[in-house]
Structures are given as structure tokens and as C-alpha cells.
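As C-alpha cells, the structure follows; a few thoughts come after it.
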There are 2 protein chains.
Amino acid sequence: MTEQQRRPTLMDVAQAAGVSRALVSIVMRGAPGAAEATRQKVLDAARELGYRPDSRARLLRSTRTKLLGLSFSTGHAFHAEIVDAAYAEASAKGYELALGGVTSGRPETQTIEALLDFGSEALILISPTLSSDELARYAGQVPVVSLLRNDVGELTDSVSSDDYEGIRMAVEHLVSLGHRRIVHVDGGTAVSAEPRRSAFRAEMGRRGLEPAIIAGGAMEEDGMTAGKSLGPDMPTAVIAFNDRSALGLIESLRAQGLKVPADVSVLGYDDSQFARLSYVQLSSISQDAPLLAAAAVDRAVARIEGTQPPGHVVRTPHLVARRTTAAPAAGG
Amino acid sequence: MTEQQRRPTLMDVAQAAGVSRALVSIVMRGAPGAAEATRQKVLDAARELGYRPDSRARLLRSTRTKLLGLSFSTGHAFHAEIVDAAYAEASAKGYELALGGVTSGRPETQTIEALLDFGSEALILISPTLSSDELARYAGQVPVVSLLRNDVGELTDSVSSDDYEGIRMAVEHLVSLGHRRIVHVDGGTAVSAEPRRSAFRAEMGRRGLEPAIIAGGAMEEDGMTAGKSLGPDMPTAVIAFNDRSALGLIESLRAQGLKVPADVSVLGYDDSQFARLSYVQLSSISQDAPLLAAAAVDRAVARIEGTQPPGHVVRTPHLVARRTTAAPAAGG
DNA sequence: TCATGTCACTAGAACGATCTAGAAGCGTGA
DNA sequence: TCACGCTTCTAGATCGTTCTAGTGACATGA
């Protein structure tokens, strides 16, 4: 049943239309240099045969691939949002996206190699875990844009959100509501956990408050665990490393019979889809995935097409106040 | 800074090693036909120059690409789990994976075209929404495997989980716990919502029970809404369309002051990562993503390498009983 | 000694597109 | 009439591989 017939080539179309291969190439590319009548004739023949240009051959000849490689972690919902936005921005700029998934069994380097093999003209890496040196090695081959992480050395571009400013806003928000005893459940070894930790320390210190930090992580489980250890000395507000941790934290507080935000305010980070769920309504710091993604794509395209040196773009996050933060109880 | 020097080719390596291009090609492919000493000499030269085979040229010449196209929906965590497993299975079979994301702004056809342009030798589509006819058109070009959906016509392969059996197990589980008043919150227009609906009707009917069905969907919000409409005539158990819906449902029940599973048992579907979260512990029907993914990859590879006709693989799901299902209260 | 086979290697033609250089057709002005 | 420029079209080289068909060297067996 499956007709495994050879797929038509430029040559076939050329013969069908009675012109040369070169002219068919011109028409298919939409390049100038073909009379309108011939153009139509060729297009008709191509449609008739079901011709589809062979990108391998095309790309081999014309060093341009118009392809951006994007690596992301499967399982990070926040990354998925970035992928969405990146698709839109890339296609608006006339580029296609090659996706590479990083999973537990598939290290980042392997994903990057695959993206390069596809012919990516630039790489956009979401929260890369490679060292600056390793990144620099790739950056010698193609422009590399690190997304959500900015300590990547001079040869790699970066587009990130201002972690300090995000935490400052978080502290500011809670303090202005009247909170004084605020705890930060950190991100452990996750990318950008450290800058947030130190930002928290600095901003609390600046206000003369005690910067209590508890070990956490990037997942619900981490928030759960942190929530339990909070027990004896319960603060009036908690800033979680991210939304997923915040969700686990809230769950743990509930289990302890505490109400959010009546007894404890909880602030997330990322403003992910979880935060927006109607039954969660998590107050969160938004890094604005679509904007970041667009900026990263723009940066990659600029590097490909221009001769600009690598640069570091930092965007300011913003606070999205929902239902999990409020003024502390009178006795707090 | 960025040295934009031409990347080395087979020719460069050949000259450096003092042999012919063909021999370098043989060595790089690990093909037989080269003396060990020469092999080493060539490999050294290649390493020295930082040679990396140009996949475009390679693929152009050897019609084989060893590439499987996989389309998935960003935002579906369950799909991400499949992607993970597919990567592992594909690489075990010596294939690379090309990922294509389907988003709201990027229809399935566009994703498929992109995957074909990359040179995919077969397509694996997770829950495709195209009609059988449209799928058949693509199936004329390359083998197409539909994952999680099996009503795809004769020309398209499919790997799916037995929805009837899944629902049967769900009903069986709840009935054996002592439940009689069971409601199914369905998946609305989602893929495989219909087979689950009718399976529920049949299995309840077979037991002489009333098959109550409430309109739902695939997201938390849908479960929330359904949960509210349950109000006046609360059943003792609910089978949700999937885990996300189940989560919303549980949240809605909680808001109504009901305890799960003491007052109402809730059963999910997919056994996704959400179900496994320690604070959720959702009982669920597992479709076993890794197994399904592996089966789909196997099927695709078999179709590529053999001459088998399209086929439909159906796997049996299994029940994972956790903490959200229990015997109904005495008065129930 | 000579056909035969095996092994290591090579020259040159593919693959299917794009690109360069140039040819053909046609109108225009000197 | 001829040179010139413009538009439209074509032949052939080219991209970096793999594949086909072979070549030469050497060993083997009759």
C-alpha cells in the first residue's frame, strides 16, 4: 500500500515545466529573475508533483540554515512556556526552531551536539549547567545565548531576569504588607539559587531584618520538606525559590493546620501556569517567559546576522500579587 | 574575537593524514576496510583539526538520516514524560530524535512539515488531532505512528493504551471498595475522551449501576468546575478524565469541606508526575509512558527498516492505588 | 607459473539543491 | 546597422559527504 516512490526533485519539476533546474530554484526561493507567467507555470508543476524542497541539499549548498537550536529541560513547565514563545518569535524573524530536550539520561552536551548537527546557526540554552569554559568552546563555533543564567563568561550571550530586583520586590511587597519575620526557602543547587539567596540576605539586612534562609530546591517535594522544618518557629511570610516549591510549601502548611495567607503568606517565583491556576492563585514574581524568549531569539538573530560582540541582556521582573500574600494577623 | 573560520571538511582531514577522502569517510563512519594503523592516523588528524562531520552533506548522500520526528504538545507534562522515554529508546536503537512542539500558535501540520524538512524517516505523533485522511497523506511519504490515539485509519500505525480496559479497572477498583454511586468527569472534546466515556457507560451498566457523566476537560480548571456542579447530589467516588482534572476536582471538594478519600474517593488517569507527588498521592490509571514511548519508537523503526504493513499496538494500562481512593463512609 | 582471493586503499560519480557566469531576446538611441 | 542595457533564462561548477567500481600488493593453492 505505502507507495515508497522516490520523492520528486528540482529536476523533475524542471522537466515537467519545460525549464531549467536553475529557474525552478529561483521560483521556489521566490528570488527575482523569473517572468510572472513562467513563475506560475513552475509553481503549478511543483504543486502537481507534490514537490517539496530537500532541505539537506538546500542547506548544504547555501551555508545559511535559518535554524536556531533551543535546548530545554523536559519536565520544567516553565521551559515549555519559553519554547512556546520562542517558536512565535523565531517564525516572526523568519527562522525555524530545532528543539533539543535535556533529560536525566541525556546530558546537555549530547543535546547541544545534536542541535549543531541539525545545522543550528545559533544556540539558545535555557538554564545551561555547563561551565563558562565549556560554553565558550561552543561559542567559538556558533553564537550561544544563555537564557535565565548570566554568569557565563564573555564569549557567551545571556538573557536573564534580574534576580536581585526580583527578590527585592518580593521583600518589599511583604514588608509593605507589614511582615517582619520572613523566611526564604532557597533553591539549593539550582541555577540562580545563589544570586537570589544573597539578594535576600542583602535586602533583609538593609531593612534591619533577620534574613532567615532554609534549604530547599526546585520541586514540590523540596517545598514540602522545608515547610515541615519551619514548624516550631513559624514566620509570617515565606519567599519560595519558585512556584513548584511554593506549592509544596503551601500544602505542608495546610497539613499543619495553617491557613494561607491568613496565618502565613507565601510568595512564589516564575509566575508559572501553576501559579495562575484558579484554585492556587499564587502571588509570584514574574520573569515574563514570552519576553525573555523573544529577547533571546532577537539576540541570537542579531549575533548571526550582524557582527555585534556578545552581550548580556537583563530584564526586570515584576510582581504579580494574587491570593497567597496578605497582611499578617494582628498577633503576628 | 569569535573566529569565524571555515570548518574543516573530510578533504582537510584527508590531506593532513595523507590519505584519500574516501578512506577518511570509512574511518569516521567506523566502517570496515581500513588498517588499524591508518585508522589511528586518520582519527588523530581529525581530532587535531577539530573535524565534525557535516550532517547535511552526510544525509544528502546517504538517504538514511537515522532520524525520528516526534511531535508533542508543550504544556502537557505527560507528553514530556513520553519524550524522555522516547529519547532513551531511540538512542538505544541507534536513532536520533527531532522534536517538534505543537503550541496554540503553531498548528500540528506546521510542526509535521518542519519535522519532515529535517529529514525524519518516520513520524511519531502524540495524540494527533489531524483527520485520518490527513494522516494518511503523510503516511504516504513516511511511516506515521500515532501515539495515544488509535482511530487513525489503515495507513497509519498506532500505539495506544486500552482505554476500555483502563476504565474497566477504574470501575472495578471502586466497586470492589464498595462504591455504588460513581461519577465520571469526562474529557470533553479531548482525544480519547469518547472511548473512556462509553467504556464507563458500558461497565457501569454491566453492573447494574447508574453511569452518571459530567462534562469536564483535560485541565485543572475543568475539574474545578465539575467539582462545583457535583454539589447537591454528591457521589461517593469520581473517576476523572486525567490527573490534572482530578487535582482540580480534589481542590474543589476540599473547598466544599469534603475530605478525600474519607467523603469522596477520586481516581485520576495517566499516573503523571503530579499524581506521584508526595502530598497528592493520587490513585490513578497508569498508561506507562515509558513503555508506550518505547513501543512507538520500536514500531517506527520496524516500519522504516522492514517491510511490515501498518499495525495497531494496544497496551494494557494498570491501576496504581494510592491515597485518594478508599472504601466509602458507612452512611454512603 | 598463473589464476584466484583478500585486503587496503583510491578516483570519480553521485545526492539535490544554489550560485556564477554568460547567452538569448528585445527594445532603444546614436 | 550596431552597440548597449535590461530582463529572462540556462549550463555547469559547487557544497561535503557516501557509494561504486576499481587498482595494486600480497598470499594461496593447483
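Note on naming: letters A, B, ... go to the chains in the order of the sequence lines (proteins, then strands), and numbering restarts at 1 for each one. Values reported hereafter were calculated over all heavy atoms of this structure, with side chains retained and with hydrogens, waters and symmetry mates removed.
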Could you say whether A:Arg52 or B:Gly33 is positioned toward the 5' end of DNA chain C, judged by the nucleotide with the nearest heavy atom to each?
->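 Between the two, 5'-proximity favours B:Gly33.
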
Give B:Ser55 one of three labels, base, sugar-phosphate or nothing, depending on what nucleic acid heavy atoms sit under 4.0 Å from its own.
-> nothing

What nucleic acid atoms does B:Ala22 come within less than 4.0 Å of, heavy atoms only: base, sugar-phosphate, or nothing?
->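 Since a base atom lies under 4.0 Å of B:Ala22, the category is base.
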
Whole angstrom is fine here: how far is it from [atom1] in [X] over to [atom2] in [N]?
X       : N      : atom1 : atom2 : value
B:Arg64 : D:dC19 : CZ    : P     : 11 Å
B:Asp12 : D:dC15 : CG    : C1'   : 13 Å
A:Leu10 : D:dG12 : CG    : P     : 17 Å
B:Arg56 : D:dT14 : CZ    : C1'   : 15 Å
A:Leu60 : D:dT18 : CG    : C1'   : 12 Å
B:Ile26 : C:dC7  : CD1   : C1'   : 11 Å
A:Arg7  : C:dC15 : CZ    : C1'   : 12 Å
B:Leu23 : C:dA11 : CG    : P     : 11 Å

Using distance alone, with no hydrogens and no angle criterion, decide if A:Arg29 and A:Ser25 have a side-chain donor and acceptor under 3.5 Å apart.
->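 Present: a donor and an acceptor within the cut-off.
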
C:dA17 phosphate, OP1 or OP2: any side-chain N/O from A:Ser25 under 4.0 angstrom?
-> no

Can you find a pair of side-chain heavy atoms, one from B:Arg52 and one from A:Asp117, that are under 4.5 Å apart?
->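 Touching, per the 4.5 Å side-chain cut-off.
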
Quick one: does B:Asp270's side chain get under 4.5 Å of B:Gln287's, heavy atoms only?
-> yes

[N] base to [X] side chain: any donor-acceptor pair below 3.5 Å?
X       : N      : answer
B:Arg61 : D:dT17 : no
B:Arg21 : D:dT17 : yes
B:Arg58 : D:dT17 : no

From [options], pick the nucleotide closest to the side chain of [X]?
X       : options                : answer
B:Asp54 : D:dT17, D:dT10, C:dA11 : D:dT17
A:Ala35 : D:dC9, C:dG16, D:dT10  : D:dC9
B:Ser62 : D:dT18, D:dG16, C:dC9  : D:dT18
A:Ser20 : D:dT17, D:dT10, D:dC15 : D:dT10

Does a side-chain N-to-carboxylate-O contact under 4.0 Å join A:Glu96 and A:Lys66?
-> no

Side-chain (B:Glu134) to main-chain (B:Ser131) donor-acceptor, under 3.5 angstrom =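 Yes, the answer is positive, given that a donor and an acceptor are paired below the 3.5 Å cut-off.
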
